[in-house]
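Read the numbers this way: they start at 1 and go in the same order the structure lists the ligands and their atoms. Bear in mind the structure is a predicted one, so any value in this text is a computation, not a measurement.
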Amino acid sequence: MADVRGLSLLLALWLPVVSASEAGTVIRINKAILNYVSEFGKVPFQEALKINDEHFLDQSSDVLPSVRIQVLEAHVSRLGLKFLPDFGVRLWASANFTVKVSCIPESLELSLPVKLLSDLRVTQSSIGTPKISISTFFPYFGQATVLDDNKNLSPALLSMVQKDIKAIFSNKLSLNVANLVDDININMGTIIGLNNLSPESQICYYVMSEPNITSDSISMNLNAVLFLLGKPVMLPQEGPHLELPEPESNKDAMATLTLSQNLFDAILMLLQKAGAFNMDITGQLKSEDNPLNTSALSQFIPEMADQFPEPKPVVLRVRMTVTPVAVFQNNSITVRLQPLVEVLATSSNSAFQSLFSLNVVVNLSLQLSVSRAKLYATTSVVGDVFLVVASSNVGSVNLDHMQTLMNTVFQKSLLDHINALLGNGISLPTMVNLHYVNTNIQIREHYVQISSGLSYHP
Ligand SMILES: *[C@@H]1O[C@H](CO)[C@@H](O)[C@H](O)[C@H]1NC(C)=O
Ligand SMILES: *[C@@H]1O[C@H](CO)[C@@H](O)[C@H](O)[C@H]1NC(C)=O
Ligand SMILES: *[C@@H]1O[C@H](CO)[C@@H](O)[C@H](O)[C@H]1NC(C)=O
Ligand SMILES: *[C@@H]1O[C@H](CO)[C@@H](O)[C@H](O)[C@H]1NC(C)=O
Ligand SMILES: *[C@@H]1O[C@H](CO)[C@@H](O)[C@H](O)[C@H]1NC(C)=O
């Protein structure tokens, strides 16, 4: 938790600066989540309600013996939730407490039914996390019954005991629920946790504005903050502010996440600045399937034959000097890469000699998938690799031959590299232990929409 708090402070300092630019996402939590939480949450809620310590009832009258009570068990039989428009969530629950009452020399067990009703306000905290606060909390106590058939309390004593138990429980239960809400808030605070995109770069999300709550859903606008070597990166201001659309359909999904094209552009820019797209493709001599050597190249670059009578390995140094551009279409995303590829000969003392360089354009199509809390992409090359010579120290380069070489050696290495990079996954907005399941991804002209179930794995 210390990490979350530390980061919160950091974010609170940076937010005014970085929120000028937007890499927006919208998350909508639909009504369908409420059934899941009321089912799944029953046991944790029951745990949270437990009253562990013993209590001695305050006996002002001398007539009554000293009475000690101990809560043996709490059982929640029903937990219900609904959205309250423009407010938050209403929670109601039915619980039964088994209470051991010890009044010397006897002891007996009581069952005390309680109904709980609480309105919880959902807001945005100052550090950009969703926040729940208790607006109202009422426990309604039913009639206690004695569980042991052959024991009894005098009606007068039972009613005294019951009155005292109610007073104790009212306090304890509201404390317990307050603690539970604190825990939930700490858990939701992890939404602003930092996640790695590459070893040098990270992403985190924060809530930008008050949530929009209807009887069907809670939606929140989130913004991503990207970090390079620990420092937040200013995103380019260009591009219109994008109003992300309401989710198209699928109100049955628990969550709908809309990721703007801006977010993808920002991530591509960050990875490019971090040098994550850069790579070296190395040749080695005496390899039948690696044509990266000076004698293979001199077949179509005559000058090289003179310069390199002895064969030497060749390296393709791929540098992404231009930020990759993502093109969103209905149902597809293409990423245009424009690397500068420098072709170098290496010598035994590992000095490099620049032969020539190429400006390359290659289009990759992205296939997206979601696993747990990350978005993954795999790529394939669309069309041909386009190349022009940028500079040459070895005279004219036959581009047709070079093209053949690039289509094999370069394409394969590039795809391996980029697929490995994107295989790290891009963290989606989430909290610890919360996973997206059964996702359905739709790509539209300016955004990606993910409809999904949610699953909690403590
Ligand atoms: C509470 O316990 C009593 C006695 O065991 C039982 O009759 C009642 O149905 C229970 N109520 C709930 C809400 O579990
Ligand atoms: C909140 O959501 C409703 C229903 O989707 C929409 O009509 C309304 O414009 C939204 N309000 C805000 C402030 O976003
Ligand atoms: C250069 O590459 C070609 C094509 O892979 C290969 O046949 C040849 O043996 C290599 N030459 C050397 C000296 O490694
Ligand atoms: C997007 O493609 C789907 C089917 O592939 C089609 O039904 C829909 O009309 C298209 N939308 C637009 C805006 O072109
Ligand atoms: C890449 O795609 C763009 C359209 O998005 C197209 O104009 C360009 O010719 C393509 N380039 C290559 C090398 O296929």
Heavy atoms, side chains only, cut-off 4.5 Å: are [X] and [Y] in contact?
{"X": "N359", "Y": "Q338", "value": "no"}
{"X": "V370", "Y": "S452", "value": "no"}
{"X": "S455", "Y": "Y36", "value": "yes"}

Test: K82 and D216 ion pair at under 4.0 Å: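 No salt bridge links K82 with D216.
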
Take atom 7 (O) of ligand 5 and look for protein heavy atoms under 4.0 Å from it; say yes if you find one, no if not. no

Quiz question for you: does at least one protein heavy atom lie closer than 4.0 Å to atom 2 (O) of ligand 5? yes

Closest non-hydrogen protein atom to atom 4 (C) of ligand 3, residue and atom name please, with distance?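 Closest protein heavy atom to atom 4 (C) of ligand 3: P291 CA, 3.7 Å.
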
Looking only at protein heavy atoms, identify the closest one to atom 11 (N) of ligand 3 and say how far it is in Å.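 I find the closest protein heavy atom is N293 ND2, 3.1 Å.
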
Would you sort out whether N96 and S77 count as a side chain to side chain donor-acceptor pair (under 3.5 Å), showing the intermediate values? CA-CA 8 Å; N96 248 357; S77 56; over 6 Å; no

Check contact between D384 and ligand 5, using heavy atoms of the residue and a distance below 4.0 angstrom. yes

So, [X] and [Y]: side-chain donor and acceptor under 3.5 Å apart, yes or no?
{"X": "Q284", "Y": "T282", "value": "no"}
{"X": "N212", "Y": "T214", "value": "no"}
{"X": "S347", "Y": "Q353", "value": "no"}

As an exercise, identify every atom of ligand 3 less than 4.0 angstrom from a heavy atom of [X].
{"X": "S287", "answer": "5 (O), 6 (C)"}
{"X": "P311", "answer": "13 (C)"}
{"X": "S295", "answer": "11 (N)"}
{"X": "N290", "answer": "2 (O), 5 (O)"}

Contact check: K286 vs ligand 3, nitrogen or oxygen atoms, below 3.5 angstrom: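 N/O-N/O distance under 3.5 Å: yes.
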
Q272 (side chain) donor-acceptor with P324 (main chain) under 3.5 angstrom: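 No, because the side chain of Q272 does not come within donor-acceptor range (under 3.5 Å) of the backbone of P324.
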
Among E288, E310, K312, which one puts a heavy atom closest to atom 5 (O) of ligand 3? E288

Can you figure out which of V362, N363, V335, T334 has its heavy atom closest to atom 14 (O) of ligand 5?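 The option holding the nearest heavy atom is N363.
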
Which of the atoms in ligand 5, numbered in the order shown and given with their element, are less than 4.0 Å from a heavy-atom of V361?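 Per the distance check, 13 (C).
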
Using a strict 4.0 Å cut-off to heavy atoms of F386, name the atoms of ligand 5 that fall inside it.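 Within the 4.0 Å cut-off of F386, ligand 5 contributes 13 (C).
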
